[in-house]
Amino acid sequence: MTNESTPKFSRHTVRRVLRYAKPYWHWFLLALILILATVVFELWQPMIIEKATDDFVGKYVDISSEGLSVSELRHIRSADIKGVLFMGALYLFSALMILGLNYAQATILATVGQKIIYNMRSDIFRHLTRLHVGFYNNNPIGRLVTRVTNDCETVLEMFTSVIVSIVGSIFVLVGVMASMLHRHVQLSLAIFSVIPVIVVFTLVFTKLTRKLYRAIRGKLSDLNAFIAEHVSGMKVVQIFAAEEDAQRDFEEKTEDLRKAHMRQLMAFAAYSPVAYLMNIVATAILLIYGGSLAMGGVITIGTLIAFQRYMSRFFDPIQELAENFNVIQSAAAAAERIFDLLDTEPQIQDAEEPIHMSSFKGHIEFKNVWFAYQDEDWILKDLSFELLPGQRLAFVGETGAGKTTIQNLICRYYDIQKGQIFIDGIDIRKIAVEDLRRNIGQMLQDVFLFTGTVKSNIRLNNENISDEDIITAAKYVNADPFISKLDGGYDHQVIERGAAFSAGERQLLSFARTLAFKPSVLILDEATANIDTETEVLIQDALEKIMQGRSTIIVAHRLSTIQNCDKIILLHHGRLVEEGSHQELLEKKGMYYKLYKLQYEHSSDF
């Protein structure tokens with residue numbers, strides 16, 4: 001992803017945003033027609049006032065100066081009153097029509113806007129699920145959450161309010177200018193003389209606020225990332241009594257965001273007075289020049305009043321555009337960041353014609369595999385080994401030897417730089433990623449549970465797994481007894497990350513989840529670590545059941561857990577240094593023997 005503070009806004013971004021709106025073009029056309037009808041009624045209102053003034057009110061003023069008696073004036077005025085009432089009724093009708101049309105177009109755009117943002121959010125989340133694991137190591141979660149939530153809401157506001165304002169304002173400006181020019185060209189041009197000043201200032205303002213809003217979106221993303229990270233790690237913060245440091249860092253980031261907002265507000269505060277000043281200048285031109293034309297009989301009083309009404313409608317759209325610049329710029333910055341994320345290419349992709357496999361026999365082979373997370377900082381170096389169907393293979397070695405990396409490569413969370421990895425004789429890069437990962441069950445030390453029910457955490461939205469399958473799997477791995485005691489049983493609500501469960505209970509749920517998906521290959525990353533003795537007995541029994549007939553790879557830290565494996569491989573700095581059964585490796589009295597003796601001397605397990 002590009003740097004948060006320097007995205008490049010372009011017409012291409014606009015086209016991509018509008019592409020989401022394309023399926024609903026007929027609804028936008030209807031909204032456009034409604035907006036046009038609204039503008040027609042708005043332009044009609046000054047005409048009604050002009051006609052009422054010239055044909056009825058102004059007429060009464062004229063004849064009253066001719067010295068007619070009061071009774072004569074009343075007789076003439078009675079007919080004019082009816083005309084005024086009729087004009088008033090027309091004005092009220094136009095106002096009601098404007099209200100109804102505004103409601104209709106606002107409802108249409110709000111509905112369509114929600115559909116557009118639904119599609120955009122779906123695309124973003126779908127794309128996030130396809131990105132490789134390394135992407136999440138380099139991008140704060142809070143920033144990604146901002147893309148899916150805040151940024152989409154900002155783009156939604158552009159569809160539901162800004163587009164309406166812009167289109168409506170253009171119609172109003174064109175209509176007002178045409179109506180004014182139709183009535184008196186010279187007076188209209190005199191009033192329009194303020195337009196160049198507004199246009200120049202608006203262009204300068206737009207360029208400035210674009211930069212300011214990019215900065216705001218970047219600092220908001222940083223703040224969200226900071227909050228998400230520290231809320232997730234609050235236990236660590238409290239363990240090390242780092243609350244004050246965290247608060248200080250939070251206040252610094254909040255202050256940076258506040259300053260960015262203040263710079264934007266100051267820019268907008270400078271624009272509004274200029275727009276207001278031009279309105280005052282135009283009003284002065286109308287009073288001086290228009291007043292002299294009215295007194296000279298060139299235009300009527302009604303026309304002068306109509307000009308005043310049109311002029312207010314002329315400046316309203318300009319000010320509305322200015323007031324919507326914040327939304328426009330914010331939406332532009334949000335759209336840039338959304339598409340910047342969507343343009344991040346997944347590093348792990350299917351081959352052009354992937355091989356689909358419903359299950360594996362479990363024959364795994366690494367052949368001269370070299371792998372580095374960055375450049376040529378090799379984690380695995382020319383690694384070769386073979387796991388036959390149904391065998392159990394364990395990896396041991398010091399931290400950083402490459403044990404976890406092997407797991408990641410088998411599941412193809414990363415692609416290797418050199419060598420080949422085969423499953424059942426097929427290069428894993430040719431196997432469909434979905435089929436590959438569905439057939440490999442990974443059970444880690446840190447079990448992640450989602451907010452929802454116990455049942456949904458085992459099923460993981462896979463509707464092919466029935467309730468009976470869930471219960472059967474839970475019983476098989478010894479999870480049913482503790483699940484049955486929960487309030488609601490399998491419908492018990494799990495809080496975020498399963499914090500209310502013990503480590504052992506989370507692990508048993510992980511086993512049930514894995515078994516429900518019926519994998520062909522198992523990968524265990526010290527699944528019994530940090531588990532109490534009683535629960536470990538249940539887990540060991542569950543593991544024995546799950547591993548029956550399945551190829552199993554075990555990453556071990558405690559050698560007591562892997563003594564019955566068919567093969568043990570000891571890794572050192574990414575290379576295979578010893579290979580054999582537990583007894584064979586002890587007899588060699590090499591590195592494995594030393595590691596075993598070291599653990600034996602410091603552990604009651606041996």
Side-chain angles (χ1 to χ4, degrees), residues 132-138 346-349 351 360 362-388 391-431 433 436-437 440 442 444-445 521-526 529 551-559 561-562 565-582 584-599:
H132 66 290
V133 174
F135 172 85
Y136 295 97
N137 295 333
N138 300 323
Q347 289 189 8
I348 307 301
Q349 300 189 39
F360 298 152
H363 183 193
I364 299 174
E365 182 181 4
F366 272 50
K367 191 173 182 180
N368 306 115
V369 170
W370 290 73
F371 174 76
Y373 289 105
Q374 290 184 342
D375 302 324
E376 294 189 357
D377 184 14
W378 302 110
I379 304 299
L380 298 182
K381 305 167 185 175
D382 198 26
L383 179 64
S384 297
F385 68 85
E386 186 175 14
L387 172 64
L388 299 177
Q391 281 190 335
R392 300 180 187 181
L393 169 63
F395 287 94
V396 297
E398 75 278 14
T399 300
K403 302 185 298 295
T404 301
T405 297
I406 291 173
Q407 300 178 56
N408 291 334
L409 296 180
I410 293 174
C411 294
R412 208 182 163 207
Y413 298 131
Y414 299 89
D415 275 338
I416 59 177
Q417 286 83 10
K418 301 178 185 179
Q420 288 179 293
I421 301 175
F422 297 96
I423 291 184
D424 294 348
I426 302 172
D427 191 314
I428 64 170
R429 285 171 289 198
K430 296 180 180 179
I431 302 173
V433 174
L436 175 69
R437 294 175 182 170
I440 299 176
Q442 267 193 294
L444 310 177
Q445 291 184 39
V521 176
L522 288 179
I523 297 178
L524 308 177
D525 188 355
E526 197 59 81
S551 298
T552 305
I553 293 177
I554 303 171
V555 173
H557 302 286
R558 292 187 298 171
L559 302 186
T561 63
I562 60 170
C565 286
D566 299 295
K567 187 187 299 184
I568 299 171
I569 292 177
L570 189 146
L571 298 173
H572 183 66
H573 295 309
R575 293 186 182 275
L576 189 157
V577 293
E578 291 184 5
E579 180 179 6
S581 66
H582 173 70
E584 289 171 346
L585 292 176
L586 288 180
E587 290 174 359
K588 290 181 180 180
K589 294 191 176 182
M591 291 184 65
Y592 183 85
Y593 176 78
K594 293 178 181 178
L595 182 62
Y596 175 81
K597 293 291 289 183
L598 181 65
Q599 289 194 7

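Since the model is a prediction, treat every value here as computed from it, not as a measurement.
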Trainee: Before you tell me yes or no, could you show the steps for D415 and Q347 under side-chain contact (heavy atoms from CB on, under 4.5 Å), namely the whole-Å CA-CA distance, both residues' side-chain angles and the distance that decides it to 0.1 Å?
Mentor: CA-CA 8 Å; D415 275 338; Q347 289 189 8; over 6 Å; no
Trainee: If we only count heavy atoms from C-beta on, is the S551 to L388 side-chain gap below 4.5 Å?
Mentor: no
Trainee: How many angstroms lie between atom OG of S581 and atom CG of D566, to the nearest 0.5 angstrom?
Mentor: 9.5 Å
Trainee: Show me the donor-acceptor pairs, under 3.5 Å and distance only, between side chains in residues 364-373 and residues at least two apart or in other chains.
Mentor:
from : atom 1 : to   : atom 2 : distance (Å)
N368 : ND2    : D382 : OD1    : 3.0
Y373 : OH     : T405 : OG1    : 2.9

Trainee: I406 versus L380: any side-chain heavy-atom pair under 4.5 Å?
Mentor: yes
Trainee: I'd like to know if the side chain of H132 reaches the main chain of F135, judged simply by a donor and an acceptor atom lying under 3.5 Å from each other, with no hydrogens or angles considered.
Mentor: yes
Trainee: Is the side chain of K589 donor-acceptor paired with the backbone N or O of K594 at a distance under 3.5 Å, no angle test?
Mentor: no
Trainee: Short question: side chain of E587, backbone of E584 - any donor-acceptor pair under 3.5 Å?
Mentor: no
Trainee: Quick one: list whatever passes side chain to side chain contact (heavy atoms under 4.5 Å, CB included) with E578, sequence neighbours left out.
Mentor: L570, L585, M591, Y592
Trainee: In Å and rounded to the nearest 0.5 Å, what is the OG1 to CG distance from T552 to L387?
Mentor: 8.0 Å
Trainee: Is there a side-chain contact between Y596 and L586 in this structure, where contact means two heavy atoms from C-beta onward sitting under 4.5 Å apart?
Mentor: yes
Trainee: Count the heavy atoms of every other residue, nucleotide or ligand shown that sit under 6.0 Å from NZ of K381, and state whether that count exceeds 12.
Mentor: yes
Trainee: Between CG of L524 and CD1 of I562, what distance do you get to the nearest 0.5 Å?
Mentor: 12.0 Å
Trainee: Using side chain to side chain donor-acceptor pair (under 3.5 Å) as the criterion, list what pairs up with Q417, not counting sequence neighbours.
Mentor: none
Trainee: Between V577 and L571, does the side-chain contact (heavy atoms from CB on, under 4.5 Å) criterion hold? Intermediate values first, please.
Mentor: CA-CA 6 Å; V577 293; L571 298 173; over 6 Å; no
Trainee: What is the distance from atom CG of L409 to atom CG of L383, rounded to the nearest 0.5 Å?
Mentor: 9.0 Å
Trainee: Tell me yes or no: between the side chains of Y413 and Q442, is some donor less than 3.5 Å from an acceptor?
Mentor: yes
Trainee: Within the distance-only criterion (no hydrogens, no angle test), does the side chain of D424 pair as donor or acceptor with the backbone N or O of G362 below 3.5 angstrom?
Mentor: yes
Trainee: Would you indicate whether the side-chain heavy atoms of I416 and I421 approach each other to under 4.5 Å?
Mentor: yes
Trainee: Any idea which heavy atoms bring K403 and E398 closest together, and the distance?
Mentor: NZ-O, 3.2 Å
Trainee: Any side-chain to backbone donor/acceptor pair from E579 onto L576? Under 3.5 Å, distance only.
Mentor: no
Trainee: Rounded to the nearest 0.5 Å, what separates atom CZ in R392 from atom CG in L522?
Mentor: 9.5 Å
Trainee: What are the two closest heavy atoms between I410 and I553, and how far apart are they?
Mentor: CD1-CD1, 3.2 Å
Trainee: Are I431 and I423 close enough that some pair of their side-chain heavy atoms sits under 4.5 Å apart?
Mentor: yes
Trainee: Nearest heavy-atom pair of R429 and G419: which atoms, and what distance?
Mentor: NH2-O, 3.2 Å
Trainee: Side chains of F395 and K567, heavy atoms from C-beta outward: is any pair under 4.5 Å?
Mentor: no
Trainee: So, the side chain of D375 versus the backbone of D377: is there a donor-acceptor pair under 3.5 Å, distance only?
Mentor: no
Trainee: Can you tell me how far the CD1 atom of I440 sits from the CZ atom of R412, to the nearest 0.5 Å?
Mentor: 11.5 Å
